[in-house]
Amino acid sequence: MPPHRIPAQPGEWIDRTLPITFKFEGRSYKGYAGDTLSSALWGSGVRLLGRSFKYHRPRGVMSMAAHDANVFVEDSPHVKNRRNNLRGDVLPITAKLDVVACNTKGGVANDWLRVNQLFAKMLPVGFYYKAFHKPGKLFPFFERSMRGVAGLGRIDPDIEAVNTPKRYDDCDVLVIGAGASGLSAGVAAARAGAHVVLGDDQPHPGGALGYQSPLHSIARDRLRELLAQAGQLDNLDIRQGTMAAGAYGDLWVALVDNDKLTKMRARALIIAGGAFEQPSVFHNNDLPGVMLASAAQRLMHLYGVKPFERCVVLAANSDGYQAAADLRAAGVDVAAIADLRSGGEPTDLAYRAIDAGIAVHRGHCVYEVHPPRVGFGVAGVVLRKLSDDNRPIPDTNVLIDCDGVAMSVGWAPNGGILYQAGARFIYDDQSEQLVSGTLPQGVFAAGRVNGVYDIDDKITDGTRAGQLAAQHLNLSTGSLPAAPSRAVARSHPYPIYENDRHKCFIDFDEDVQLVDIANAHQEGYDNIELLKRYTTFGMGPSQGKLSNMNAVRALAKLNGAGINETGTTTSRPFHQPVLISHLAGRRFHPMRRTPMHVWHHAHHARFMHAGTWYRPEYYAQSGKTREDCIIAEAKRVRSGVGMIDVSTLGKLEVSGPDARTFIEQIYTGKFGKLDVGRTRYVVACDESGIVIDDGMIARLGEDRYYLTATSSGVAAFYREMQRWAILWSMNITLANATGHLAALNIAGPDSRKVVTQVTNVDISADAIPYMHVREGDVAGAPARVMRVGFVGELGFEVHVPASFGLRVWKALIEAGHVYSIGPFGVEAQRLLRLEKGHIILSQDTDALTYPDEAGVAWAIGKDKAFFVGQRSIDVLRKHDATRRLVGFRIDEHYRGTLPQENHLIIRQGKITGRVTSVAHRSTFGFPLGLAYIAPDQAKPGSHVQIRISDGALVPATVTALPFYDPQNERQKM
Amino acid sequence: MNRQTPVHNLLSARNPSWGTLHDAPIALRFVEMDTEHEALKTLALCDVSAFRTIGVKGPGAGAFLRVQNVDPPPLDETYATRPLDDGLVVRLGADEFFLESGIESQTYDHIAHALTRNANTMPGVYPIVREDASFIIAGKRAREVLAQTCGVNFRNEPPGKVVLTRVAGVNVMILPSGDASPRYRVWLDPSYATYLWQQLDDIVHDLNGKVVGAACVYPQLA
């Protein structure tokens, strides 16, 4: 047996028949299956497991309960898909495990950042709020330096994405914690007929029964009985290795296991998560070898590891004496028990300790711990007698040589999930512990979170909670067992001892010392939440599980207040660290594709995101640049015929007796003379007169209208229409057919020749003039055909059911072959419409644009009784306009850097506008664009200057719109 | 064939045996029928978007259907379904219905024809273009697929009534059926079909399920 291992323990978690060799810091070590990294290293005699965050002090085992934030490791640099910030105290060892400590420079043993300890006086609490901002020019240096040493872990940018499932689940009762109270709660609720899920973060059930008193037959018997009862219940689903990471509204709890995150929605929630043992605060309370008594017990009983050779137990309760007995049984020489209580231990555990030859120092604290001259760990401790007011009395030192200290001075409830579920905690003076006070409906607590510690009491409390949950769900009635009392205090009210040499750590994660709390308080941080943020206690990876209570006690003392008056910090999800891959899940990002997507892909489309849609930006051609491709596509439309997939357009239907009235009120225009078969450009505003959507309206029947809306805005606009329809009590029927219809725009002087080949609709100029609609058949599909002119050429928009879309597209491409038809993408369309001076909503408008500014005032009907935004527009018109959307062009001989969208118009050093759209090349050859400018600059021929990113000013000339075909003759062909 | 389901291309890549349904190609089988039948019991994903769908809305929609000899679910049974030959009709609201053809679809054809022919002449009855994609998730582990993608607890949802919810972030309508071997019909906007199919296919694959052909679910197509 290895020297640091003890004989097999009843119920231990390791399998001694399966030895495992693993690597830590480049060296090989041996452990057993079931070991964690920390237990295996401690069992191999390694004491230095990690370095602290700020001072890079040596650290070892503290809790062995997933809260050892200084024992974070990451995969060695040569490991593929490197993981980081793995907690050593819960990381299972495997034969492939090859890890190094996080947060070191030069390895954990030779970490040169330990030099920070020498500068500790220059790094007081909140130093980064006060330093480094002067002189300003050195800030980048300071920032780089700080970033170089701060933070935990190194992200591997080449890591492969992992598809982690994330699932929903439901149950009647969710129990958190599989200790005595959790198991009994689960059994009681399940016996009443509830579907119960019990989640527990440990690999095996039992909670403290497994490590705090496993040598007692009563603990073993109770655990066996509870597991036997649970095993008989099909409706009790026990999930080991499953932690509750966060609680949200409506009893929604995030359960995290090795593989996934489960969003569990329960009808009742029972928290029986136990309590966290708390450290005492004294000089060097962080050295490797100073640990919680429960950590020592976990090492012994769960992993068969001997925590120390010779130790001192610091106790303030019976648990410490039990730990001393356990240590002795494991062959550890327990040199002394320092009992913070002047009266000592009231139970017979005290006599047993004395009988065993352990020196019991009542009313003594551990005042300081001394490190060895060489190596890492503990060489000895100094005990001091305590005064009546709990202060170490000078000159009462008791020096003891030892290699470890086991601290058992009290507990804090594992109440994070309860807090998040809406519970409130109160400090119970009798048990010197926070206990659950007010609980929301459907939430129950049991066991140590209630301050109940005795095994049978915990079982009673759990049974009571299970029955209460069942009654809450109307599954049972009847009397309940009485709530157990919590008469005996297990926690010391102030296990904190100042030392002039400092290094009395309140928070091990962030290296926050007792003196930091005092200094922050002196600076005025006397509120617990502010103190937390200023000192950063409780903000490290363990989220204050080992530090919050001591910080609250320290602040309460400084304020001269009680714990309830001082309050506690807020618990927010996540209660425990969760892997980002678990949070990401399968990364659902719904994206929409048009029916012609496959064709575009096959024809080398370069796709862009347009809202939630994939749209072809342009079609790549061998040997041509992006710009060349775009210009070629645009020129094809100007000279022949091109086709663009506009299926992403919003497509809405308004029908019913009130349809016309509704449309009159939604849009700015007048539609009294819009006959069946005609279409019109429409603009919609919100109540403040801001343009929110535009499109086309087609009257299909007496009370039937078909509308198009902007691709990315249609969902919101449709909701707005529904809202108005309800408010106005209109007798109309609305439908959003956006995804159900494909739409194609065939544009160019040859477009009629192409479309006519595949349709039974008469599309001659007389039969379907500009801005008209017809219904019929196109390439075998029922279709709506509209004459449009967005790109400034003769054009037809064909709308067909989505399942026909690809066929119709292909038929038109085939029909247009002799006319050299080709597809054009969004960029070519943007250029063509820009040449025509047509706006794109959200690009040429913003959240403050009203119709007059955007040049679409002509779409406002005169003498209308009402439309949404009318009154606001009237008010706005009474004020001087501040900007106008105009066209501008840049000299074709200009060779400098060209402006981009959102570059500013500058006049005499002041901003007078901004560019909204720009084309560096147009079908005319010169750059052009749209911009908002001051009204007095808006006259065509005015010269303006555009400031580009490097600060240079680019001259431009305001140009009348449209740039192309001002008489609109081409689109009316 | 004029029509094509929105996931046609994804299915083509698996080289299925093709059939025809309502003027659209339909993947009938991908592997041996016995294997697909086995998958149908454990976990299977199937595209049945070739069925035709249409909506009818408006204050006269219910009366219109009754005139066509269809018995739609009554007013107080929103989201309930009724057979429409071998297809179905769903009440989605007071004045809104969703219809899907079956394989034969005589009644569906009759209604769809009446709706489109008289679209502008029937006051209070308005046809709605519905080109829903439609998938089937079937088998004992089907619920696990939904558990990973949807917040609804389908253990509590009665069969025969559709649920309007979201799957993998997409608005869908789901019709649960079966108990020992659950089966879920999922309808959705076709523009999301490729995305959702890929997500479901990934999950089904991770759960050792299979994509199966429509003949496995509808033997009369074989």
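Lettering of chains follows the sequences in order, A, B, ..., and the numbering in each one begins at 1.
- At least one side-chain heavy atom of B:Tyr192 sits less than 4.5 Å from a side-chain heavy atom of A:Thr612.
- Within the 4.5 angstrom heavy-atom criterion, no atom of A:Thr594 approaches chain B.
- Proximity to chain A (any heavy atom under 4.5 Å) is shown, for B:Leu196, by neither the backbone nor the side chain.
- If you measure heavy-atom distances from B:Thr53 to chain A, you find no contacts under 4.5 Å at all.
- When the candidates B:Ala193, B:Gly55, B:Gly151, B:Gly169 are compared by the number of heavy-atom contacts under 4.5 Å with chain A, B:Gly151 comes out ahead.
- For the side-chain contact (heavy atoms from CB on, under 4.5 Å) criterion with A:Leu806, the lone passing option out of B:His8, B:Gln4, B:Arg3 is B:Gln4.
- A side-chain donor from one of A:Ser803 and B:Glu131 sits under 3.5 Å from a side-chain acceptor of the other.
- Rounding to the nearest 0.5 Å places CG of B:Leu146 at 10.5 Å from CZ of A:Arg167.
- The side-chain heavy atoms of B:Gln199 and A:His589, taken from C-beta on, include no pair separated by under 4.5 Å.
- Neither the backbone nor the side chain of B:Arg52 comes within less than 4.5 Å of any heavy atom of chain A.
- We find the CH2-OG distance between A:Trp613 and B:Ser191 to be 4.0 Å, quoted to the nearest 0.5 Å.
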_Pair A:Thr733, B:Asp95 - check side chain to side chain contact (heavy atoms under 4.5 Å, CB included), show working._
CA-CA 9 Å; A:Thr733 296; B:Asp95 299 328; over 6 Å; no
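- For the pair B:Tyr126 (side chain) and A:Gly656 (backbone), a donor-acceptor distance under 3.5 Å is present.
- Between the side chain of B:Lys57 and the backbone N or O of A:Leu734 there is at least one donor-acceptor pair closer than 3.5 Å.
- There is no contact between A:Pro595 and chain B, counting heavy-atom distances below 4.5 Å.
- A:Arg592 contributes no side-chain N or O that, together with a main-chain N or O of B:Pro190, makes up a donor-acceptor pair within less than 3.5 Å.
- Between chain A and the options B:Asp202, B:Asp132, B:Val170, B:Val152, heavy-atom pairs under 4.5 Å are most frequent for B:Asp132.
- Within the model, atoms OG1 of B:Thr116 and CD of A:Glu775 stand 10.0 Å from one another, a figure rounded to the nearest 0.5 Å.
- The two residues B:Pro59 and A:Asn731 come nearest to each other via the heavy atoms CG-OD1, 4.3 Å.
- For the side-chain contact (heavy atoms from CB on, under 4.5 Å) criterion with B:Thr194, the lone passing option out of A:His597, A:Arg593, A:Met591 is A:Arg593.
- Contact of A:Lys263 with chain B is not made at all, since no heavy-atom distance falls under 4.5 Å.
- Residue contact with chain B, scored on non-hydrogen atoms closer than 4.5 Å, involves the backbone of A:Ala779 exclusively.
- To the nearest 0.5 Å, atom CD1 of residue B:Ile128 and atom CD of residue A:Glu653 are 5.5 Å apart.
- In this structure, CG on A:Asp169 lies 11.0 Å from CD on B:Gln148, to the nearest 0.5 angstrom.
- Residue-environment remark: CD (B:Gln106) stays at or below the threshold of 12 foreign heavy atoms within 6.0 Å.
- A:Leu741 touches chain B through its side chain: at least one heavy atom from C-beta onward sits under 4.5 Å away, while N, CA, C and O do not.
- Applying the 6.0 Å contact sphere to CG of A:Asp234 captures no more than 12 heavy atoms from other residues, nucleotides or ligands.
- In terms of heavy atoms, A:Pro590 sits closest to B:Ala168 at CG-O, 3.6 Å.
- For the atom pair OH (A:Tyr168) and CG (B:Asn153), the distance works out to 12.5 Å, reported to the nearest 0.5 Å.
- Using a 4.0 Å cut-off between charged side-chain N and carboxylate O, A:Arg586 and B:Asp206 make a salt bridge.
- Within the 4.5 angstrom heavy-atom criterion, only side-chain atoms of B:Asn9, from C-beta onward, approach chain A.
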